[in-house]
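Reading through the structure tokens given below for one structure.
Each chain gets a letter, A, B and so on, in the order its sequence line appears, and its residues count up from 1. Please read all numbers here as calculations on a predicted model, not as lab measurements.
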Amino acid sequence: MDLQEILKQLGETFLDWNAMGEVIPKMFAVGLPNTLVLAVTSGIIGTLIGMVLALMGISRNPVARWIARIYTDVLRGLPAVLTILVIGLGFGPIIRQLTGSTSPYPLAVAALALMSGAYIGEIFRSGIQSVDKGQLEATRALGFGYGASMRLVVVPQGIRRVLPALVNQFIALIKDSSLVFVLGVLASEREVFQIGKDLAATSGNLSPYVAAGLFYLVMTIPLTHFVNWLDRRLRTGRPEKKEPDEAAAVVGKGAQA
Amino acid sequence: MSEFASGTLTAKNIHLSFGSNHVLRGIDLHVEKGTTASVIGPSGSGKSTLLRVMNRLIEPAKGDILLDGRSVLKDNPDELRRRIGMVFQQFNLFPHKTVADNVSLALRKLRGMSKEQARSEALAQLDLVGLKHKADARPANLSGGQQQRVAIARALAMKPEVMFFDEATSALDPELVKGVLALMTDLAQGGMTMVVVTHEMGFSRNVSDTVTFMDGGLVVESGSPEQLFTEPRTERLKGFLSDVL
């Protein structure tokens, strides 16, 4: 085989325009909405779970701390695919009996949310705990109770400084949503990866995977840059707004000198 | 004559331990309404801890705290702290809020004022400390001295009966100390009851009505500034003064 043939074969495997042309509209119409729905809903629920876990983790009640600790250790310690499979298959029959629904889609959202909640909980906890002790003390000295002090002063500051980590977690969630294919959802519920996978399986060609990859990159790369921007902004602060009288004062000094 | 609704604060036989560390070993402190008591002493002598016990940020193991002659240990500690303003060495302003919101937060949430009412009250307090023009700035964009004056305005906005100052000028650059001390002097002369933990011997000597020297969790000497600074009776105070003056 000469070089030209190798290149041609690679081109046909990865960049088969016919296969791409077939899969891309479907990814836009079905895959992308499903990926976004999976990531966004489980991200929102995961954030709520994470908030509760963080508050339990810093609670003065040892039982609450323990529960949060065990939950976090277990769900962060398991492979994502295992959690999705166990929750999706394990609770499927119960949901079917209760609601008559056979779709594993809600369970996929639940599994992703429970998993990301464990990570987000740790992110929030570390943020809240990094807030200077003087903030709580000063708030309490004004006459606020412990709960109000945490809610009004400590927690908002803690969350603000972990926003970049939170966006990173959301990026991970977009990628992890691809694992939902192990539950075998309905054709209309398939996300970007599985649509690529389906076509790749029938055509014996990897181009649909490449197309799926491009979809993920279009979602994740802007978010990565958003994280970097956010991080810089939080560290250096908003560009300071000079008050007119201060600018005038500087001009005045210059004029005098 | 007083600009403030000041109260009289008394601490009686205060004891506190952290584990085996006996931090306060029976402290008595009496601050008459409208007067300023300064508390001096080496680091680790328990001065700052005493302030935190007197507003019940830390509960004493033993002893009593009286405000206007009535014990406050059975009161809700959050309500007690609304009556005692506190200013910290590190300012502890809320960095995520504007200067005006720092001052108005407690007015809105604890005094139940409307947003507009709380803001106009906050602006009035900021005017008193000469920082009304910084109302919409963030604390990070202020100098240390300005931050501490905002912290004082934040405490004063609650109309406290007593003000605590915990080494309020120790974290400031030397050229900024003067402005904060001048403000504290104004408050003292305006009739605010104040307890001032400080390393500023000039302030302690010239502004306060009584001075308390603490060492090792005990009050070693107390009396008028004149007495303590010109005729210290104990070796420990003599040694301390020769170190700091």
Side-chain angles (χ1 to χ4, degrees), chain A residues 51 54 60 123-124 126-166 230-253, chain B residues 48 51-52 54-58 75-98 101-111 133-142 147 150-151 153-160 162-166 171:
Chain A
M51 199 66 237
R60 291 180 286 190
I123 292 172
F124 279 152
S126 71
I128 293 167
Q129 286 183 329
S130 74
V131 175
D132 182 66
K133 294 259 182 297
Q135 292 289 311
L136 177 61
E137 197 174 42
T139 317
R140 300 223 63 190
L142 282 170
F144 287 97
Y146 176 80
S149 302
M150 294 302 282
R151 196 179 72 245
L152 293 169
V153 172
V154 178
V155 171
Q157 287 182 59
I159 290 179
R160 195 165 300 222
R161 60 182 72 174
V162 296
L163 283 179
L166 207 56
L230 194 64
D231 192 39
R232 230 180 7 254
R233 169 79 177 267
L234 286 170
R235 263 188 290 116
T236 56
R238 201 188 300 252
E240 195 181 347
K241 203 173 63 190
K242 267 248 163 32
E243 289 172 33
D245 60 337
E246 279 177 3
V250 174
V251 171
K253 270 180 202 159
Chain B
S48 296
L51 286 184
R52 283 162 177 74
M54 290 195 298
N55 72 1
R56 295 179 63 196
L57 280 172
I58 307 172
D75 295 356
N76 178 336
D78 297 335
E79 277 162 26
L80 170 66
R81 285 191 286 269
R82 290 170 205 172
R83 301 168 64 190
I84 301 178
M86 186 156 181
V87 176
F88 300 86
Q89 181 176 355
Q90 301 297 342
F91 328 133
N92 294 344
L93 292 179
F94 309 135
H96 60 306
K97 293 185 180 295
T98 65
D101 287 345
N102 263 270
V103 181
S104 65
L105 179 71
L107 296 175
R108 284 197 294 132
K109 303 285 179 182
L110 297 177
R111 293 278 187 253
H133 62 293
K134 292 287 185 189
D136 296 312
R138 300 267 164 183
N141 294 334
L142 267 51
Q147 290 190 48
V150 172
R154 178 174 71 179
L156 287 176
M158 289 295 281
K159 303 265 184 282
V162 183
M163 282 286 283
F164 289 176
F165 292 86
D166 184 17

Next item on the list: Work out which heavy atom in B/L105 is nearest to a heavy atom in A/V153; give both atom names and the distance.
Entry: CD2-CG2, 4.0 Å
Next item on the list: Give the minimum heavy-atom separation between A/F144 and B/A106, together with the two atoms involved.
Entry: CZ-CA, 3.6 Å
Note to self: Show me the pairs that pass salt bridge (charged side-chain N to carboxylate O under 4.0 Å, His left out) and involve residues 142-156 of chain A, at least two apart or across chains.
What the structure shows: none
Checklist line | residues 127-134 of chain A: residues contacting chain B (heavy atom under 4.5 Å, by number) | finding: A/D132, A/G134
Under 3.5 Å donor-acceptor pairs involving side-chain atoms of residues 81-91 of chain B, not counting sequence neighbours:
| unit_1 | atom_1 | unit_2 | atom_2 | d |
| --- | --- | --- | --- | --- |
| B/R81 | NE | A/R140 | O | 2.9 |
| B/R81 | NH1 | B/N55 | O | 3.4 |
| B/R81 | NH1 | B/R56 | O | 2.7 |
| B/R81 | NH2 | B/D78 | OD1 | 2.8 |
| B/R82 | NE | A/G143 | O | 3.0 |
| B/R82 | NH2 | A/G143 | O | 3.0 |
| B/R83 | NE | B/E161 | OE2 | 2.8 |
| B/R83 | NH2 | B/E161 | OE1 | 3.1 |

Next item on the list: Starting at CG of A/L152, measure out to CZ of B/R108 and round the result to the nearest 0.5 Å.
Entry: 9.0 Å
Note to self: Using the side-chain hydrogen bond (donor to acceptor under 3.5 Å, both in side chains) criterion, which residues pair with B/N76? Sequence neighbours excluded.
What the structure shows: none
Notebook entry, point to check: Any idea which of A/G145, A/A148, A/A141 has the most non-hydrogen atom pairs under 4.5 angstrom with chain B?
Noted result: A/A141
Notebook entry, point to check: So which of B/K97, B/K109, B/M158 has the biggest tally of heavy-atom pairs under 4.5 Å with chain A?
Noted result: B/K109
